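Report on one structure; see the data block that follows.
Throughout, protein chains are lettered first and strands after them, A, B, ... in sequence-line order, and every chain is numbered starting at 1. None of the values given here were measured: they were computed from a predicted structure.
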2 protein chains.
Amino acid sequence: MATLKDVAALAGVSVKTVSNVVNGYAFVKPENRRRVEEALSATGYRPNLGARNLRRGRTGFVALVLPELVVPYFAELAGLVLGAAQEHEWNVLIEQTLGTREGERDTLASLGPHMIDGAIVSPEALQARDFGELAPGIPVVMLGEHSVDLPIDHVGIDNVEAARVAVAHLVGLGRTRIAAIGAHPHRGTAAQRLEGYRLALAEAGLPVRDELVATALNYHRRDGAEAMARLLTAAEPPDAVFCFNDLLAVGAVRAAAERGVRVPSDLAVVGFDNTEEGAYSLPSLTTVAPDKAAIARAAVDLLRRRVDDPERAPEHVRTPFSLEVRESTRGGA
Amino acid sequence: MATLKDVAALAGVSVKTVSNVVNGYAFVKPENRRRVEEALSATGYRPNLGARNLRRGRTGFVALVLPELVVPYFAELAGLVLGAAQEHEWNVLIEQTLGTREGERDTLASLGPHMIDGAIVSPEALQARDFGELAPGIPVVMLGEHSVDLPIDHVGIDNVEAARVAVAHLVGLGRTRIAAIGAHPHRGTAAQRLEGYRLALAEAGLPVRDELVATALNYHRRDGAEAMARLLTAAEPPDAVFCFNDLLAVGAVRAAAERGVRVPSDLAVVGFDNTEEGAYSLPSLTTVAPDKAAIARAAVDLLRRRVDDPERAPEHVRTPFSLEVRESTRGGA
DNA sequence: CGGCCGCTTTACAACGTTGTATCAACGATG
DNA sequence: CATCGTTGATACAACGTTGTAAAGCGGCCG
């Protein structure tokens, strides 16, 4: 592998002159520039980024820390972050937390100080809170959960309002026994969506029944199916359900179908995340659609600004969302 | 950020002694070891991986190059590769090709020689062929496509046989007008699955009808739906369809449903990849199930061995698969 | 007692790059 | 003609780490 030294020797100039050419320094004699460029392509020189970074103190890597890639929302988001990062000439290192905090702590602690310029973190459960101490000094942008008390940049939608809109839509269909799937003891977003759920019910003068609020410890299809199965055994089963993500909704739809409950006529279903899967499922899912591209872009932009100026005040960017109304709440009753 | 020098100063020993302690060198006087360890934790020392790697010539990074993370198969695979890589103390850098080769070439060419120890590549279209020249000298393991002529390590299932089994299953249900969705001019796997399809038909004494073989330029849900819509306009529409991945199958199922064609009674559907989505869709998808965990493990293992010994002969690892029979081919006419 | 060996530590160089200081050549200015 | 500023090139040091060679210090053996 050719180094600056090799190129310099071939071109008959000093190492620094080659470096200058490579970095576009203006004052190089045309003659020398030509010779260097020739030597560069002759040797197929590629700068050693490791060495360059060591010298410059930047690495060109950012970490994207998220729970699981198998969750389509995160996969879609990761894809968009990859794209956005590319425009900043950043390479993305993906770390899966899988819910466990220890492994996470280790990787980030060892990787943290030197190998990454910053991190975009989609926190699960408690992680948001103690992230500051976990990665001291690393520029971090947080996704999803909005913890105003933390002095950390943050991007996300208004979860309370989004949930309220979703449930209000169900109310507008005339449903009265509206269930929720996705309550979670430690997840900030879960608390916020539950809050929006309660708000919408209150606005409609409907009671909040505890037996209609189902907990989901993970947000996978299986959990949605199990929760729905439980809800359907109630004396008075729900006529609508708001699921805190699309996977839960997919599971819920299946559990309903397996028990002969028809969607949307017997049960209207709303999901969250607007994954492509939900748009193609049978029936297609009405869902809260966060602008994922905007989230990815905002996160990377925010991280860029934080890296450039570590002292700036933390910013909270609120990205837009919309409600995609599809078959799972259309027609029927 | 503390460096070896800082720690050495604090402990009153040389930089190298600290380095020795950090790296577990045996011959350090207990007294010194203790002092160094104290200084280490007092300063919260973290080795600068960039510097270490520059010195050692290894980076601890591997690239995972794949078409798109939004395709669930790749998301699931990526998750598994991340896990497998962790056991080798590798960090994974994910690159999306999005089908375009230029961007791909650039990233890998610049990243290639110095920042990654190797790459696991899931090639799309032509990429397999010219990958050797694209990333000269980088240890590479190829996924999916089996090009025996390339002197490159490779992991994958027997696509011809898998497709044959899938279509044979449809034949076994008594279907006679069996369509295929996913033919592609440049994709190696597409050619192989088509081959298996033809084989199974031939074995059953069924003709291969060109009008029943649908091309799909991408393997997204939309493409499956469009292809199915075309197939259903035929004079004699198919009574079964073998889709080259689950996304195509999901799209096909939806297109069928929108036209009142029932699955599986009117149309039996088989997918490929065994994504979770297919297991929960309505109806759930019969699908070819490659052992994804085995693929991920084999790929990382193979890469490890290649990195350790660049001269070894390329190996082709064939991972197992099975056919998951579900609702989309169960019961019905 | 001299030489050798094993343990322990250290100085030094090197990985490949870039910032800084320096120097030389040159034309312009007073 | 002396001085200055601009242009162009270079040597050197440094980023933080580790491999190498070597040296100091015992003790053991001949």
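Side chain of B:Arg55, nearest nucleotide from C:dA14, C:dT9, D:dT7: C:dA14. Among D:dG16, D:dT18, C:dT17, the nucleotide with an atom closest to any side-chain atom of B:Leu4 is D:dT18. When each of C:dT18, D:dG16, C:dT10 is scored by its nearest atom to the side-chain atoms of A:Val15, the top-ranked nucleotide is C:dT18. Of all nucleotides listed (C:dC15, D:dT10, D:dG8), D:dG8 comes nearest to the side chain of A:Lys29.
Residues A:Thr3 and A:Asn48 form no side-chain contact, since every pair of their non-hydrogen atoms from C-beta on lies 4.5 Å or further apart. Considering only heavy atoms from C-beta on, B:His88 stays 4.5 Å or farther from B:Val62 through its side chain.
Comparing A:Asn23 and B:Pro30 against DNA chain C, the residue whose closest nucleotide sits nearer the 5' end is B:Pro30. Where B:Val22 and A:Val28 meet DNA chain D, the nucleotide closest to each residue was compared, and A:Val28 sits on the side nearer the 5' end.
Taking atom CE on A:Met115 and atom P on D:dT17, their separation rounds to 13 Å, with Å as the unit. One atom, CG of B:Asp6, and another, C1' of D:dG16, lie 10 Å apart when rounded to the nearest Å. Taking atom CG on B:Leu54 and atom P on C:dA13, their separation rounds to 18 Å, with Å as the unit. At whole-Å resolution of the value, CG in A:Asn32 and C1' in D:dT10 are 12 Å apart. The nearest whole Å value for the distance from the NZ atom in A:Lys5 to the P atom in D:dC12 is 14 Å. Atom CZ in A:Arg56 sits roughly 7 Å away from atom P in C:dG19 (whole-Å rounding). The nearest whole Å value for the distance from the CZ atom in A:Arg46 to the P atom in C:dT17 is 12 Å. Taking atom CG of A:Asn20 as the reference point, atom P of D:dA9 lies 9 Å away to the nearest angstrom.
Residue B:Glu31 places its CD atom among more than 12 non-hydrogen atoms of other residues, nucleotides or ligands, all under 6.0 Å distant.
Within the 4.0 angstrom heavy-atom criterion, no nucleotide atom of any strand lies near A:Tyr25. Within the 4.0 angstrom heavy-atom criterion, base atoms lie near A:Lys16. Note on A:Asn53: nothing from the nucleic acid sits closer than 4.0 angstrom, heavy atoms only.
Between B:Ser19 and D:dT17 there is no side-chain N or O to OP1 or OP2 distance below 4.0 Å. A close approach under 4.0 Å does not occur between any side-chain nitrogen or oxygen of A:Arg52 and OP1 or OP2 of C:dG16. For A:Thr17 and D:dT10, the shortest distance from a side-chain N or O to OP1 or OP2 is below 4.0 Å. The phosphate of C:dT9 has neither OP1 nor OP2 within less than 4.0 Å of any side-chain N or O from B:Ser14. For A:Asn48, no side-chain nitrogen or oxygen approaches OP1 or OP2 of C:dC15 to under 4.0 Å.
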For salt bridge (Lys or Arg N to Asp or Glu O under 4.0 Å), just list the numbers for A:Asp308 and A:Arg304, CA-CA rounded to whole Å, side-chain angles, deciding distance to a tenth of an Å, and then say yes or no.
-> CA-CA 6 Å; A:Asp308 288 346; A:Arg304 158 63 60 200; 3.6 Å; yes

Applying ring-ring contact (aromatic ring centres under 6.0 Å, His included), run through A:Tyr219 and A:Tyr73 and close with a yes or a no.
-> CA-CA 11 Å; A:Tyr219 278 20; A:Tyr73 173 74; over 10 Å; no

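The minimum heavy-atom distance between B:Gln96 and A:Leu82, with the atom names listed, is CG-CD2, 3.5 Å.
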